[in-house]
K.L.:
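This is the structure, below, for whatever I ask next.
Just the heavy atoms: all of them, side chains too, but no hydrogens, waters or symmetry mates, feed the values below. Here the structure is a predicted model, which is why all the values come from computation and not from measurement.
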Amino acid sequence: MKKISILSLLILFTISACNSLDEDPKAFIAANNFYKTTDDAEAAVIAIHNAMNSGTHTLYNRLIQISTEMATDDYEAGPRARNAHVRALSNLTHDASNDRMLELWRQSYDGINRANVAIDNISNNPALSSQKDKDLVNEAKFLRAVLYFNIVRWFGNVPLVLHETKSLTTEALNVTNTPEAEVYAQIERDLLDAQALPVQQQINGRPTAGAAKSILSKVYLTQKKWQLAAEKSKEVINSGLYDLFENYADVFNVATKNGKEHIYSAQFKGLSNWNGNMLASSSAPTSVPGIAGDHADALHTAGGLFESFAENDDRKYITFAVEFVSPTDGKTYTTIPHFNKYFDSTTPASPGQSSKNTPIIRFAEVLLIYAEAANEYQNAPSTAAYEAIDRVRERAGIPLLSEIAPALSKDDFREAIFEERRKELVFEYQRWFDLARRGPDYFVTKLKAAGKTNAQPKHIHFPIPQRELDLNRNLEQNPDWK
């Protein structure tokens, strides 16, 4: 009898034969009928998406926020954050026993294993050779690359597993750490392959060639491969497929989701058999009658983020809300600033049923990637770099950088880019990654300036979960955390 992993069995018995990320499951596929048709291959790839954001507290449905962003200068555990492990992350007193670290690791490798199963079984089946089947393989590679890109930035040297685990032997299960450079090289290979995906805007959250190129430009940027990052992001900019919404609010409106600015997004559809965006509930107030918010994700006020926005910055009161109208009594209640990008006014009694998507990468970020990479590559901000950041600032309604600071040095332009990223991408799973990639000195300086005095150089990574180390003696703890 052929051996098959527990994960494979899980996938075979739980994924649905659906063709769109926001369809209801229609049927269950028995293992002995699996991988016979393109529909089966489609279901296997949908299972990877489901591992990333189907259900509450999955990777792209709040887990990254409570596990990663809490440990920055912009966020903190709110008054109703009940988990002691989340509060430890907020205070930077977390360690290898933290259950959020375990969830990041477990859910990431769950998705990676699902991707490996799909890639192996579709690629090796002669009956699955249509263009659609090839696209599904490249979609699985894209998703595997996104998952590895996250986990290598969080944990450093992580196991690189690229094929389905078919044996439960010690040799098969006890994998070893892989150097970061090798993990990044595989991420690049997967994304280069994924560039063969259809050249179109995303439909129902499915990745495209533009998504692969955009994420790849960010992978290059993170590794300080400045020229490659500039060239790849410029390729996306010049493609003509994407543009900024004229109104910043449209980035987060239900009616305009998956529009011209959205390159790749986590999909949500509340009040259905799909799932709502939990970020809306975790950031909503608890003091307004009729709004059943949780306020577990809070603004770290000492970080100065809210005050850093000019009053005429159109992003300020889209990103934050300081007034809410009660659906119960019609009165307007003034509150402290609450994150507001995902609050859906049609579901106030159940904010977690928000249908607003969370961008994973959007055109505004590609413009900022280009501006940063070009500045580093050319050792000074070029006219094109200024033009890229100014497109973002012009949409926000604030003065162009080229007008108020036309002759910045390379270092000063870099800081301007990071400040623009901070404001443009609030509550979009970006701040920790940005701080960490600047290195330990920058990370510690920023956090201590914001009053998070427990910050240490080791915090640019997370500790590999102790449970994984206990189960697998071949794994080694991140050197920063030994």
K.L.:
Indicate whether the side chain of D329 and that of S326 have a donor and an acceptor atom separated by less than 3.5 Å.
P.N.:
yes
K.L.:
Answer with yes or no whether the side chains of Q201 and H262 bring together a donor and an acceptor at under 3.5 Å.
P.N.:
no
K.L.:
Please tell me whether D74 and T72 have a donor and an acceptor in their side chains that are separated by less than 3.5 angstrom.
P.N.:
no
K.L.:
List the steps, then state whether side-chain hydrogen bond (donor to acceptor under 3.5 Å, both in side chains) holds for N478 with N157.
P.N.:
CA-CA 7 Å; N478 188 306; N157 299 334; over 6 Å; no
K.L.:
When you look at F149 and F433, which way does the side chain to side chain contact (heavy atoms under 4.5 Å, CB included) test go after all the steps?
P.N.:
CA-CA 11 Å; F149 186 36; F433 290 125; over 6 Å; no
K.L.:
Quick one about Q202 and N258 (side-chain donor to acceptor, distance below 3.5 Å, no hydrogens or angles considered), yes or no?
P.N.:
yes
K.L.:
Side chains of Q430 and K218 only: does a donor on one sit below 3.5 Å from an acceptor on the other?
P.N.:
yes
K.L.:
Is a donor from one side chain sitting under 3.5 angstrom from an acceptor on the other, for Y317 and E311?
P.N.:
yes
K.L.:
Pairing donors with acceptors under 3.5 angstrom, does anything connect the side chains of N357 and Q267?
P.N.:
yes
K.L.:
Which word best sums up how the rings of F339 and F427 line up, parallel for under 30°, tilted for 30 to 60°, or perpendicular for over 60°?
P.N.:
parallel
K.L.:
Could you go through the side chain to side chain contact (heavy atoms under 4.5 Å, CB included) check for T286 and I291 one step at a time?
P.N.:
CA-CA 7 Å; T286 59; I291 297 178; over 6 Å; no
K.L.:
Is Y109 close to V158 at the side-chain level, that is, under 4.5 Å between some pair of heavy atoms?
P.N.:
yes
K.L.:
Any side-chain donor paired with an acceptor under 3.5 Å for E103 and Q107?
P.N.:
yes
K.L.:
Determine the interplanar angle of the H94 and W481 rings, folded into 0 to 90°, and report it as parallel if under 30°, tilted if 30 to 60°, perpendicular if over 60°.
P.N.:
tilted
K.L.:
Just wondering, do V251 and R395 contact through their side chains at under 4.5 Å, heavy atoms?
P.N.:
yes
K.L.:
Taking atom CD of Q200 as the centre, report whether more than 12 heavy atoms of other residues, nucleotides or ligands fall under 6.0 Å from it.
P.N.:
yes
K.L.:
About how many Å separate OG1 of T319 and CD of E428, when rounded to the nearest 0.5 Å?
P.N.:
8.0 Å
K.L.:
Looking at R437 and E372, is there a salt bridge between them, counting it only when a charged N and a carboxylate O are closer than 4.0 Å?
P.N.:
yes
K.L.:
Do the ring centers of F142 and Y264 come within less than 6.0 Å of each other?
P.N.:
yes
K.L.:
Could you tell me if the side chain of E394 sits less than 4.5 Å from the side chain of L401, heavy atoms only?
P.N.:
no
K.L.:
Output yes when E76 and R87 qualify as a salt bridge under the 4.0 Å nitrogen-oxygen rule, no when they do not.
P.N.:
no
K.L.:
Evaluate the criterion ring-ring contact (aromatic ring centres under 6.0 Å, His included) for residue pair Y333 and F324; output intermediate values, then yes/no.
P.N.:
CA-CA 5 Å; Y333 289 78; F324 291 85; 9.6 Å; no
K.L.:
Cut-off 3.5 Å, side chains only: do N277 and T358 have a donor facing an acceptor?
P.N.:
yes
K.L.:
Between E415 and R422 (salt bridge meaning N to carboxylate O under 4.0 Å), is one present in this structure?
P.N.:
no
K.L.:
With a 4.0 Å cut-off on N to O distance, would you call R393 and D314 a salt bridge?
P.N.:
no
K.L.:
Looking just at side-chain N and O atoms, do R144 and N116 make a donor-acceptor pair shorter than 3.5 Å?
P.N.:
yes
K.L.:
Does the pair K356/D344 count as a salt bridge with the N-to-O cut at 4.0 Å?
P.N.:
no
K.L.:
Does a donor on one side chain sit under 3.5 Å from an acceptor on the other, for T93 and N91?
P.N.:
no
K.L.:
With no hydrogens and no angle check, do the side chains of D250 and N247 hold a donor and an acceptor under 3.5 Å apart?
P.N.:
no
K.L.:
Just checking, any donor-acceptor pair under 3.5 angstrom between side chains of Y248 and K316?
P.N.:
no
K.L.:
What do you reckon, is CZ of R467 surrounded by more than 12 foreign heavy atoms closer than 6.0 Å?
P.N.:
no
K.L.:
Between S282 (side chain only) and L279 (backbone N and O only), is there a donor and an acceptor less than 3.5 Å apart?
P.N.:
yes
K.L.:
Atom NZ of residue position K482 - does it have more than 12 heavy atoms of other residues, nucleotides or ligands inside 6.0 Å?
P.N.:
yes
K.L.:
What I'd like to find out is whether the side chain of E420 reaches to under 4.5 Å of the side chain of I398, using heavy atoms alone.
P.N.:
yes
K.L.:
For the residue pair F245 and K260, establish whether any side-chain heavy-atom pair is separated by less than 4.5 Å.
P.N.:
yes
K.L.:
With side chains defined as the heavy atoms from C-beta onward, is the minimum distance between F306 and P337 less than 4.5 Å?
P.N.:
yes
